[in-house]
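The next block holds one structure in the form of structure tokens; read it before the comments.
Treat the numbers as computed from the prediction; the structure is a model and nothing was measured.
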Amino acid sequence: MSVPQPKITGLIGLARKLVMDGLLKPEEAEQAFDQSLKDRVSFVSYVVKQKLVTSRDVAVAASEEFGAPLIDIESIDLNADIIKKIDEKLLRKYSVLPIFERGKKLYVAMSDPTNLAALDEIKFQTKMNTEAVVAEEDKLAKVIERALEVFDTSMKDLDEGFSDVDLVEEEGDKKADDKSEADEAPVVKFVNKMLYDAIKMGASDLHFEPYEKFYRVRFRVDGMLRIAATPPVGLSRKLAARLKVMARLDVSERRVPQDGRIKIKYGRGSIDFRVSTMPTLYGEKIVMRILDSSAANLNIDILGYEEEQKRLYLEALHNPYGMVLVTGPTGSGKTVSLYTGINILNQEDVNISTAEDPVEINLPGVNQVQVDEKTGMSFAKALKAFLRQDPDIILVGEIRDLETGGIAIKAATTGHMVMSTLHTNDAPSTLTRMVDMGVPPFAIATAVNLIMAQRLCRRLCTCKIELQPRPPDNILLQEGFKKEDLDGLKLYTKNPFGCERCNKLGYKGRVGIYQVMPMSAAMKRLIMGGSNAIGLADQAAKEGINDLRKSGLKKIRDGFTSLEEVNRVVNKENKEEK
């Protein structure tokens with residue numbers, strides 16, 4: 001017995017495809033088609049705007065029906081030179097975006113590949129053959145707006161509109177004569193604008209990146225890189241030279257990496273930039289890390305600790321001796337956690353010394369030492385010197401080798417409180433990592449009081465929306481939620497349109513997720529017995545210590561972040577087996 005097919009008489013093209021795929025009823029498709037003609041909008045725009053079909057489903061259907069490639073427009077590196085081939089009015093009129101060219105052919109991203117009028121007009125303007133590439137309607141609209149906003153930056157605009165910003169180099173190189181400074185004024189102002197914008201947006205890093213046909217500047221905001229500007233590729237060397245002059249590096253040397261620092265006045269204070277150059281195929285890539293002491297908030301109550309985790313951390317901090325280790329990848333907030341602890345302990349009756357690379361936050365009352373391998377001031381050498389300085393509390397920026405680890409362990413067992421970091425995935429693996437480095441298990445069991453692993457998740461903005469419909473219960477159980485969590489559980493996600501507060505990104509700021517693991521007697525026995533990370537993790541679970549995954553799920557239940565964001569920063573393999 002054959003299954004009756006939907007009546008699709010009169011429907012053509014994409015409307016017919018959506019009905020055949022069961023995404024629209026025939027009467028809905030006919031009504032949407034007629035209404036889109038009346039409203040003078042494309043059929044695709046109408047069904048997506050009216051939420052009759054998701055933009056993803058429409059894009060897949062269009063790709064299959066018309067044989068056009070389907071791309072994720074948000075993952076494409078945009079090229080300013082290609083985008084500027086088409087007038088802004090034309091891009092907005094047809095909601096299209098040129099993404100790349102091959103020979104005499106221009107590939108154009110569009111949600112409706114049947115819009116031949118748009119392709120013909122682009123072909124006429126560019127004198128190139130055009131070919132449609134399908135992109136999701138909503139994503140394409142956002143990328144077009146972002147591209148037009150970013151690529152609107154020009155040297156002329158900067159020269160005319162940036163003279164009144166109070167951003168002045170404090171310790172710059174004054175060797176350049178007045179004539180060369182005048183010649184490079186637009187470049188100087190562009191660099192100043194980038195620094196100013198990065199500080200204003202709360203960025204942690206700036207990337208100046210040269211490529212064969214374009215140049216881009218990206219900011220890392222809340223842990224994610226985003227394009228900030230695309231100056232002309234011909235200014236690549238001038239931009240690199242300006243940054244190297246400010247960092248007092250060798251401008252003539254372009255073949256080897258260099259490291260330097262820039263200190264600028266900003267408002268009433270000053271901000272440091274750590275500068276790193278790297279020769280690439282098409283010029284020097286320069287990455288700048290912003291070291292802004294004034295931006296760091298060392299209040300333990302806002303970092304995201306659960307009450308029990310905060311109690312364990314404070315308890316470990318107030319031990320007279322022993323070691324506290326903070327672990328996680330670069331950019332996971334380890335430094336802020338350490339500084340928060342140091343700030344709590346910073347009293348006039350204790351002597352605190354730190355060895356850091358670099359010194360990121362200036363703390364009055366704390367003796368901070370800048371580690372510099374070039375001068376021979378290593379972490380190990382600084383530690384040895386600290387022990388002759390009558391210390392109470394020692395902070396070591398990172399345990400990188402056996403020598404540093406050995407000295408830190410000895411200091412922790414001879415009446416000193418030692419705090420440091422390692423790069424490991426979670427708390428249990430930190431112990432086995434130290435054993436692999438060559439530190440004796442009995443020394444670790446004796447010295448270490450607490451290990452804290454952490455990650456940073458982007459915090460949902462106040463414009464967040466509830467995720468509807470909620471994923472099925474079996475999916476949520478696979479993600480790590482417990483059955484008792486599902487009753488009344490509300491999941492939130494970012495608002496796709498955002499708001500002014502979050503710059504239309506849907507996220508604003510970050511919140512920490514933590515695994516705080518004190519060294520219990522059972523844990524120490526496992527270490528002494530040569531247990532691996534899996535055995536230590538099982539013991540931690542028996543003691544009720546939440547791993548990073550569980551801590552992340554708690555943040556989701558509390559509405560701080562989204563499931564998508566937790567999955568981005570915590571591997572799904574870290575879920576506890578049911």
Exercise. Would a 4.5 Å heavy-atom cut-off, applied to side chains only, mark Leu505 and Arg226 as touching?
Worked result: yes

Exercise. Do the side chain of Gln515 and the main chain of Ala427 share a donor and acceptor less than 3.5 angstrom apart?
Worked result: yes

Problem set entry | side chain to side chain contact (heavy atoms under 4.5 Å, CB included) assessment of Val324 paired with Met417 | CA-CA 8 Å; Val324 172; Met417 166 57 66; 4.2 Å; yes

For this session: Just jot down the side-chain hydrogen bond (donor to acceptor under 3.5 Å, both in side chains) partners of Gln31, sequence neighbours excluded, or say none.
Result: none

Exercise. Which atom pair, heavy atoms only, marks the closest approach of Leu363 to Gln368?
Worked result: N-OE1, 3.0 Å

Problem set entry | Nearest heavy atoms of Leu456 and Val569, plus distance in Å | O-CG1, 3.6 Å

Exercise. Do Thr421 side-chain atoms and Gly397 backbone N/O form a donor-acceptor pair below 3.5 Å?
Worked result: yes

Seminar exercise, completed: Closest non-hydrogen atoms of Tyr313 and Val516, given as atom of the first, atom of the second and distance, are N-CG1, 4.5 Å

For this session: Determine the minimum heavy-atom distance between Ile300 and Lys310, stating which atoms define it.
Result: CD1-CG, 3.8 Å

For this session: Mind checking the CG-OH spacing from Asp112 to Tyr94? Nearest 0.5 Å is all I need.
Result: 12.0 Å

For this session: Look at the side chain of Lys139 and the backbone N and O of Asp72, then say whether any donor-acceptor pair between them is shorter than 3.5 Å.
Result: no

Problem set entry | Partners passing salt bridge (Lys or Arg N to Asp or Glu O under 4.0 Å) against Asp87 (at least two apart in sequence or in another chain) | none

Problem set entry | Pair Asp473 + Lys483: basic N to acidic O under 4.0 Å | no

For this session: Kindly say whether Gly304 contributes a backbone atom to a donor-acceptor pair with the side chain of Lys555 at under 3.5 angstrom?
Result: yes

For this session: With the side chain counted from C-beta on, respond yes when Pro471 and Glu479 share a heavy-atom pair under 4.5 Å apart, and no when they do not.
Result: no

Seminar exercise, completed: Those residues at least two apart in sequence (or on a different chain) that pass salt bridge (Lys or Arg N to Asp or Glu O under 4.0 Å) with Asp138 are none

Problem set entry | Pair Glu137, Ser45: side-chain N/O donor-acceptor within cut-off below 3.5 Å | yes

Exercise. Among Arg458, Arg455, Lys464, which residue meets the salt bridge (Lys or Arg N to Asp or Glu O under 4.0 Å) test with Glu565?
Worked result: Arg458

For this session: Look only at the side chain of Thr493 and the backbone of Ser562, and say whether a donor-acceptor pair between them is shorter than 3.5 Å.
Result: no

Exercise. Do you know which two heavy atoms are closest between Leu477 and Lys482, and how far apart they sit?
Worked result: CD2-C, 4.0 Å

For this session: Indicate yes or no: does Glu145 engage Lys142 in a salt bridge with an N to O separation below 4.0 Å.
Result: no

Problem set entry | Option passing side chain to side chain contact (heavy atoms under 4.5 Å, CB included) with Phe208 (candidates Lys285, Arg242, Met288) | Met288

Seminar exercise, completed: Closest heavy-atom pair, Phe481 versus Ile556, reported as atoms and distance to 0.1 Å, is CZ-CG2, 4.0 Å

Exercise. Is there side-chain contact between Pro518 and Ile545, with at least one heavy-atom pair below 4.5 Å?
Worked result: yes

For this session: Quick one: do Val58 and Glu136 satisfy side chain to side chain contact (heavy atoms under 4.5 Å, CB included)? Show the steps, please.
Result: CA-CA 8 Å; Val58 173; Glu136 295 171 48; over 6 Å; no

Exercise. Around Gln370, counting heavy atoms of other residues, nucleotides and ligands shown, do more than 12 lie under 6.0 Å from its CD?
Worked result: yes

Exercise. Under 4.5 Å between any side-chain heavy atoms of Ser337 and Gln454, yes or no?
Worked result: yes

Exercise. How long is the span from the OG1 atom in Thr424 to the CZ atom in Arg433, to the nearest 0.5 Å?
Worked result: 8.5 Å

Exercise. Under 6.0 Å from the CD atom of Glu500, do we count more than 12 heavy atoms belonging to anything else shown?
Worked result: no

Exercise. Can you find a pair of side-chain heavy atoms, one from Met452 and one from Tyr305, that are under 4.5 Å apart?
Worked result: yes

Exercise. So, are Arg311 and Glu306 salt-bridged, with charged N and O less than 4.0 Å apart?
Worked result: no

Exercise. Any side-chain heavy-atom pair from Val217 and Ile227 closer than 4.5 angstrom?
Worked result: no

Exercise. Distance from Leu422 atom CG to Ile451 atom CD1, nearest 0.5 Å?
Worked result: 8.5 Å

For this session: Could you check Leu486 against Arg470 for side chain to side chain contact (heavy atoms under 4.5 Å, CB included), going step by step and ending with a plain yes or no?
Result: CA-CA 10 Å; Leu486 301 182; Arg470 197 183 79 175; 4.1 Å; yes

Exercise. Going through the distances and angles, do Ile83 and Leu91 end up as a side chain to side chain contact (heavy atoms under 4.5 Å, CB included)?
Worked result: CA-CA 9 Å; Ile83 291 177; Leu91 298 181; 4.1 Å; yes

For this session: May I ask you to decide if Ala59's main-chain N or O and Ser63's side chain share a donor-acceptor pair within less than 3.5 Å?
Result: no

For this session: Quick one: pull up CG in Asp222 and CZ in Arg510 and give me the separation to the nearest 0.5 Å.
Result: 6.0 Å

Seminar exercise, completed: To the nearest 0.5 Å, atom OG1 of Thr54 lies from atom CG of Leu23 at 7.5 Å

Problem set entry | Approximate separation, where rounding is to 0.5 Å, of Asp485 CG and Lys550 NZ | 10.5 Å

Exercise. Which class fits the ring pair Phe33 and Phe43: parallel under 30°, tilted 30 to 60°, perpendicular over 60°?
Worked result: tilted

For this session: Would you mind reporting whether Pro69 and Tyr107 have side-chain heavy atoms less than 4.5 Å apart?
Result: no

Exercise. Is Ile99 close to Ile71 at the side-chain level, that is, under 4.5 Å between some pair of heavy atoms?
Worked result: yes

